[in-house]
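Notes to accompany the following structure.
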Amino acid sequence: MEKYNPAEIEIKWQKIWEERKVFKAKDFNNSKPKFYQLEMFPYPSGRIHMGHVRNYSIGDAIARYKMAKGYNVLHPMGFDAFGLPAENAAINNNTHPAKWTYSNIDYMVKELKRLGFSYDWDRLVATCDSDYYKWEQKVFIEMFEKGMVYRSKSTVNYCPSCKTVLANEQVEDGKCWRCGSEVIQKDMDEWFLKITDYADQLLDDMKLIEDGWPERVLIQQRNWIGKSKGAFVKFKVKGKDDYLEVFTTRPDTLFGVTFISIAPNHPKLAELASEEYKDKLEAFVKEFNKSGRDFSKEKEGVFTGVYLINPVNGKEVPLYAANFVLMDYGTGVVMAVPGHDQRDFEFAKKYNLPIKKVIHTDGLSDNVDEWIEAYAESGVLVNSEQFSGMDNEKAKWEIVKWLEVKGLARIGYQYRLRDWNVSRQRYWGAPIPVIYCPNCGIVPEKIENLPVKLPEDVEITGEGGSPLAKVENFVNTKCPICGADAKRETDTFDTFIESSWYFLRYCSPKYDKDIFDKDKVKYWMNVDQYVGGIEHAVMHLLYARYFTKVLRDLGYVDSTEPFQRLLTQGMVIKDGAKMSKSKGNVVDPDDIINQYGADTARLFILFAAPPEKDLEWSDDGVEGAYRFLNRLWRLIYSYKDLRSGDVDISTDRLRDLNYHINYTIKRVTDDFEAYHFNTTIAACMEFVNYLYDFNPKNKDEQKLYAKALEVLLKLLNPIVPHIAEELWSLMGHNTLLVEEKWPEYDEKSTIKDTTVIAITVNGKLRDTIEFPRGSGESEVFEKAIESPRVKRHLDGKDIVKKIFVKDKLLNIVVK
RNA sequence: GCCGGGGUGGCGGAAUUGGUAGACGCAAGGGACUUAAAAUCCCUUGGAGCUAUGCUCCGUGUGGGUUCGAUUCCCACCCUCGGCACCA
């Protein structure tokens with residue numbers, strides 16, 4: 001018998017699939033429904049890792065299943081090709097980022113091809129191609145013209161090691177997400193996309209996708225957007241015709257305000273502060289600017305010499321500059337209620353400021369000196385004049401209503417979400433297409449001049465600002481409006497921009513008249529199934545949702561939400577930790593493919609755990625997967641000359657075989673629909689075990705047996721396509737298995753005509769007895785009490801009642 | 001601190017709407033084949049106990065509850081893994 005030789009057959013079939021273009025997605029096929037299967041594209045770091053293998057094996061199983069189910073499938077792949085590692089490689093190895101990136105792409109494409117994934121390679125996209133990024137430059141200019149972007153000096157997170165600005169999402173525990181260095185605060189001119197204008201849409205449109213997305217991803221995004229309802233309240237400045245506005249979610253505690261806190265970098269602070277406190281204040285602000293927001297730091301502040309008037313009772317309260325007040329949330333001014341807010345409580349204790357109780361609950365002392373912490377929960381108002389006695393939830397809006405009439409308050413909302421800073425002081429990214437003219441100011445590049453290409457001759461040292469600033473013939477240009485000598489913007493886009501629309505580009509990847517062919521996008525969008533890592537729950541997935549809405553509002557797409565369904569796969573773990581070079585627990589997919597073949601790698605990865613869960617790598621498990629494929633090979637090889645045909649199901653053996661065929665199709669189909677690949681595979685393994693036992697003896701049995709083998713190959717095809725295709729052809733087929741239809745099952749044949757009924761006494765299993773399907777209670781009961789195993793638990797006891805579940809269970813309750 | 005997952009054999013994991021817990025695989029043990037080994041095939045395998053070829057009890061993180069019956073539903077708690085973290 002010929003041996004299973006994965007190395008040989010995998011290359012063979014990959015070639016045939018490619019030659020016959022079986023994975024080419026056909027734009028506009030009216031005879032089939034479309035299915036857009038997408039996996040998160042990789043960064044071309046050099047090699048595919050196990051996380052990719054998992055991600056793409058899941059996606060491929062879905063894509064191939066949908067093909068068999070009769071869908072016109074779009075299954076593309078590309079590379080998220082801009083980013084920092086290319087520059088680091090340039091510094092370390094003295095290679096150009098472009099060269100490094102493209103050679104990595106070449107290698108990784110080979111690796112992906114070796115895994116046999118069903119991509120339409122004609123649609124390959126690399127985001128560092130100017131044919132790609134020119135379109136986001138165009139979109140940016142249109143956003144600029146519509147006021148959807150702005151330039152602003154702001155305090156930003158800056159990584160001194162990467163020498164670049166980071167988005168909030170790119171800061172983890174105060175450290176750079178990429179290199180782990182301590183992030184510092186810096187004021188810079190940056191470009192922002194007004195994602196906050198879309199905050200409500202991003203929240204509301206979740207209802208369009210909530211059926212297809214994991215709940216926890218939506219919850220994470222909801223928390224990230226962080227919408228809170230509250231009130232803006234005006235506090236008049238004593239002795240001046242001016243006021244400060246605060247945002248609060250607790251207007252019910254307004255009578256408990258004993259001071260006001262203001263951010264040290266608030267623009268009005270210097271102007272307001274009284275002369276005698278200015279020196280101390282300036283010193284404090286200086287110190288604050290140096291250290292920035294230090295989360296671990298104790299709450300500190302200084303008095304400004306200013307008093308404000310509390311609008312609810314006219315009382316004067318002091319204004320303090322405080323280091324814990326954020327300038328970019330709310331108004332940068334906070335009303336302090338030390339009795340009912342822990343931060344204010346700590347601050348008041350430190351600076352001996354009064355604490356006032358305005359919310360009461362059972363057991364809460366009236367003597368605030370006894371308090372060791374603020375009471376921040378709900379309760380009933382006290383010491384609040386006409387509102388005393390009112391439930392605090394109700395009082396919140398009653399007090400606002402009352403102040404609103406006097407023009408001193410209004411209901412409002414605040415978001416935790418900040419605008420998206422897209423400026424990066426890096427070389428390897430898409431240039432921001434803007435020109436600074438001494439006469440005309442900030443001017444976008446003309447659309448017809450796009451792309452603003454990245455210059456190739458650049459010296460990358462990794463030190464100091466943007467490398468583009470040193471490229472004279474890039475920086476120096478003419479103003480598109482007045483023609484005067486002007487300077488180009490030297491920052492490049494955050495690479496999250498590229499990944500916010502690549503799935504649209506796949507629909508018409510070579511289209512050169514615009515960002516994409518609208519009709520094709522209309523045909524293919526939305527993505528029916530998106531598969532990727534949970535680590536992108538917020539950043540990438542939120543940006544992509546936002547960008548799609550922007551493109552919709554610019555008239556490019558009809559979609560409001562790009563991804564109809566989302567599957568977030570778990571990490572690949574080894575020895576209890578995520579695979580990483582630093583931990584030395586990396587398993588290289590190339591090694592596994594060399595040793596066992598792609599099918600084994602795919603089978604193991606899909607079998608070892610359900611997709612959403614973390615997957616523990618196991619060398620023994622891989623061995624087991626390989627063993628199964630050999631077992632499959634031997635089974636089919638030894639019966640490869642049998643031919644299937646119509647059979648009259650006339651004997652018990654034929655009936656049983658037929659039942660197993662149909663039952664297995666049903667199980668596998670149902671589990672595929674639910675993406676439970678691990679149980680899909682288990683069902684196939686059980687089927688194989690059954691078929692090993694069967695031994696077809698006559699013509700009819702052989703015909704039906706051959707059918708069983710064909711069904712088995714069709715069921716396994718989405719998971720282990722190479723071996724399945726080879727065995728299919730060994731069975732004498734000259735069609736391609738990949739083009740075969742998914743097998744259908746006959747519902748009636750998935751049910752046996754007998755069933756095993758559990759006999760329990762007081763809920764405890766005592767026996768299992770086989771009955772014809774549909775047997776009645778009395779019939780089952782009569783048989784059951786004959787069983788000695790049941791009988792012995794009934795003896796000497798009264799039968800109180802019987803619970804009968806048809807075809808399943810009889811519970812006899814005794815006393 | 002807040003939000004959200006998750007706790008099932010030695011291990012990865014199965015178990016429709018509450019109805020036979022542990023499918024499938026791994027590991028382990030035993031046997032067959034072989035001069036031998038590998039490969040393969042077959043059997044056993046949650047724990048404890050006993051008057052052992054069968055039977056009893058216990059068992060899905062812990063303690064309660066609802067129910068004829070709970071891995072599944074309810075309450076309280078413990079552990080663990082993610083996310084957010086001075087957001088007023």
Side-chain angles (χ1 to χ4, degrees), chain A residues 3 168 172-174 214-224 226-228 230 246-250 253 261 293-299 322-326 328-337 341-344 346-347 376 414-418 534-535 537-538 570-571 573 603-604 607-610 612-625 627-628 630-631 634 667 670 676 678-689 692-693 756-768 788-789 792-793 800-805 808-814:
Chain A
K3 264 189 71 188
N168 277 345
E172 295 168 348
D173 272 334
E215 199 190 359
R216 64 169 172 151
V217 173
L218 294 178
I219 289 169
Q220 269 187 56
Q221 292 201 0
R222 200 171 286 132
N223 292 343
W224 188 263
K227 182 178 186 174
S228 31
V246 304
F247 176 74
T248 178
T249 55
R250 291 297 302 270
T253 61
S261 308
R293 263 168 66 197
D294 185 346
F295 302 102
S296 57
K297 215 170 170 184
E298 205 181 321
K299 287 169 190 36
N323 67 347
F324 64 90
V325 180
L326 307 172
D328 56 354
Y329 183 81
T331 61
V333 186
V334 183
M335 67 179 219
V337 186
D341 181 285
Q342 188 57 25
R343 290 157 304 186
D344 298 340
E346 286 167 31
F347 195 89
Q414 278 297 303
Y415 302 86
R416 216 190 67 104
L417 181 72
R418 307 292 147 88
I534 185 71
E535 67 273 19
V538 176
M571 291 186 301
I573 301 267
L603 178 67
F604 166 71
F607 181 58
E612 322 73 43
K613 278 185 90 172
D614 286 350
L615 181 149
E616 175 75 34
W617 186 264
S618 154
D619 291 332
D620 286 330
V622 176
E623 196 74 47
R627 204 150 43 216
F628 172 73
N630 275 286
R631 196 168 148 78
R634 285 189 305 272
R667 278 176 71 185
D670 290 350
H676 294 166
N678 53 335
T679 50
T680 279
I681 295 163
C684 290
M685 286 172 166
E686 282 179 59
F687 195 35
V688 166
N689 292 343
Y692 258 88
D693 271 351
V756 175
I757 293 185
I759 312 298
T760 62
V761 178
N762 287 347
K764 282 189 180 170
L765 182 71
R766 294 308 173 189
D767 205 356
T768 53
R789 280 182 269 191
R792 108 176 100 235
H793 296 279
V800 182
K801 69 171 162 178
K802 290 172 274 189
I803 286 108
F804 180 65
V805 182
K808 273 199 168 161
L809 167 138
L810 175 70
N811 186 23
I812 303 165
V813 185
V814 297

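Quick note: numbers below take in every heavy atom, side chains included, and nothing from hydrogens, waters or symmetry partners. Order of the sequence lines sets the chain letters (A, B, ...), proteins ahead of strands, with each chain counted from 1.
- Taking atom CD on A:E612 and atom C1' on B:G13, their separation rounds to 13 Å, with Å as the unit.
- Applying the ring-ring contact (aromatic ring centres under 6.0 Å, His included) test to A:F324 and every residue at least two apart in sequence or in another chain returns A:F347.
- Looking at heavy-atom distances under 4.0 Å, A:H793 makes contact with sugar-phosphate atoms alone, never a base.
- Side-chain contact between A:R250 and A:V337 is absent, with no heavy atoms from C-beta onward closer than 4.5 Å.
- Looking at residues two or more places apart in sequence or on another chain, you find no side chain to side chain donor-acceptor pair (under 3.5 Å) involving A:T680.
- Each of A:E623 and A:Y692 has a nearest nucleotide on RNA chain B; the 5'-most of these lies closest to A:E623.
- Within 4.0 Å of A:D344, counting heavy atoms only, lies no atom of the nucleic acid at all.
- When all heavy atoms are compared, the tightest approach of A:V325 to A:S261 is CG2-CB, 3.6 Å.
- Nucleotides B:G9 and B:C33 have their C1' atoms positioned 32 Å apart, rounded to a whole Å.
- Across the P atoms, B:U16 and B:G7 are found 14 Å apart, a figure rounded to whole Å.
- Distance noted for atom C1' between B:U71 and B:G29: 29 Å (whole Å).
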Identify each atom pair where a protein N or O and an N or O of nucleotides 23-25 of chain B are less than 3.5 Å apart, giving names and distance.
unit_1, atom_1, unit_2, atom_2, d
B:A23, O2', A:E686, OE2, 3.0
B:G25, OP1, A:N689, ND2, 3.2

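- Taking atom P on both B:C26 and B:G19, the two are 29 Å apart, rounded to the nearest angstrom.
- Put simply, CH2 on A:W224 is 11 Å from P on B:G83, counting in whole angstrom units.
- Residue A:Q221 contributes atom CD, which lies 15 Å from atom C1' of B:C3 at whole-angstrom precision.
- At the heavy-atom level, A:E616 lies nowhere under 4.0 Å from the strands shown.
- Between A:V246 and A:V334, every side-chain heavy-atom pair lies at or beyond the 4.5 Å cut-off.
- For the pair A:R416 and B:A88, the criterion of a side-chain N or O lying under 4.0 Å from OP1 or OP2 is not met.
- Across B:G49 and B:A32, the matching P atoms stand 30 Å from one another, rounded to whole Å.
- Applying the side-chain contact (heavy atoms from CB on, under 4.5 Å) criterion to A:V814, with sequence neighbours excluded, gives A:V761, A:N762, A:L794, A:K797, A:I799, A:I812.
- Backbone-only contact: A:T248 has heavy atoms under 4.0 Å from sugar-phosphate atoms and none from a base.
- For A:Q221, the side chain to side chain donor-acceptor pair (under 3.5 Å) test picks out A:R545, with sequence neighbours left out.
- Annotation: B:U8 and B:A14 have their C1' atoms spaced 10 Å apart (nearest Å).
- The minimum heavy-atom distance linking A:D344 with A:A336 is given by the pair OD2-CA, 3.2 Å.
- Every stem involving RNA chain B, taken as at least 3 paired positions in a row under the Watson-Crick or G-U wobble test at 3.5 Å, is listed here: B:1-7 with B:78-84, B:10-12 with B:24-26, B:28-32 with B:40-44, B:46-50 with B:54-58, B:61-65 with B:73-77.
- Residue contacts shown for A:V756 include a base, since a base heavy atom lies under 4.0 Å away.
- Between the P atom of B:G82 and the NZ atom of A:K613 lies a distance of 15 Å, rounded to the nearest Å.
- Atom CE of A:M571 and atom P of B:G6 are 16 Å apart (whole Å).
- Not a single donor-acceptor pair under 3.5 Å links the side chain of A:N678 to the backbone N or O of A:A608.
- Scored by the side-chain contact (heavy atoms from CB on, under 4.5 Å) test, A:K227 finds A:D200, A:L203, A:Y413, A:Y415 as partners (sequence neighbours excluded).
- Summarising the geometry, the separation between CG on A:D693 and P on B:C43 is reported as 8 Å, rounded to the nearest angstrom.
- Looking at A:R667 and A:E686, their side chains come closer than 4.5 Å, going by heavy atoms from C-beta outward.
- If you check every strand for non-hydrogen atoms under 4.0 Å, A:V246 touches nothing.
- Here A:D670 pairs with nothing under the side chain to side chain donor-acceptor pair (under 3.5 Å) rule; sequence neighbours left out.
- When heavy atoms are screened at a 4.0 angstrom cut-off, A:S261 is found touching no nucleic acid atom at all.
- Residue contacts for A:T760: at a heavy-atom cut-off of 4.0 Å it reaches no nucleic acid atom on any strand shown.
- Qualifying side chain to side chain donor-acceptor pair (under 3.5 Å) partners for A:E623, counting only residues two or more places apart in sequence or in other chains: A:Y596.
- Neither OP1 nor OP2 of B:G83 sits under 4.0 Å from any side-chain N or O of A:R222.
- Residue A:R766 has its side chain nearest to B:U56 when only B:U56, B:C86, B:C26 are considered.
- Glycosidic torsion of B:A52 falls within 90° of 0, placing the base in syn.
- In the set B:U16, B:C3, B:U20, B:U20 carries the atom at the smallest distance from any side-chain atom of A:T768.
- Base orientation at B:G13 is anti, since its O4'-C1' glycosidic dihedral falls outside 90° of 0.
- Under the side-chain contact (heavy atoms from CB on, under 4.5 Å) criterion, A:I219 pairs with A:E215, A:R222, A:N223, sequence neighbours left out.
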Identify each atom pair where a protein N or O and an N or O of nucleotides 67-73 of chain B are less than 3.5 Å apart, giving names and distance.
unit_1, atom_1, unit_2, atom_2, d
B:C68, O2', A:N811, ND2, 3.3
B:C68, O2, A:N811, ND2, 2.4

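- Here the P atom of nucleotide B:C26 and the CH2 atom of A:W617 are 15 Å apart, to the nearest Å.
- The P atoms of B:G13 and B:C3 are separated by 28 Å, rounded to the nearest whole Å.
- Remark: A:D619 pairs with A:W617 by the side-chain contact (heavy atoms from CB on, under 4.5 Å) rule, at least two apart or across chains.
- Taking the P atom of each, B:G65 and B:A70 are spaced 12 Å apart, rounded to whole Å.
- Considering only side-chain N and O atoms, A:R792 lies under 4.0 angstrom from the phosphate OP1 or OP2 of B:U56.
- The phosphate of B:C55 (OP1 or OP2) has a side-chain N or O of A:R789 nearer than 4.0 angstrom.
- Rounded to whole Å, the distance from CG on A:D614 to C1' on B:U80 is 13 Å.
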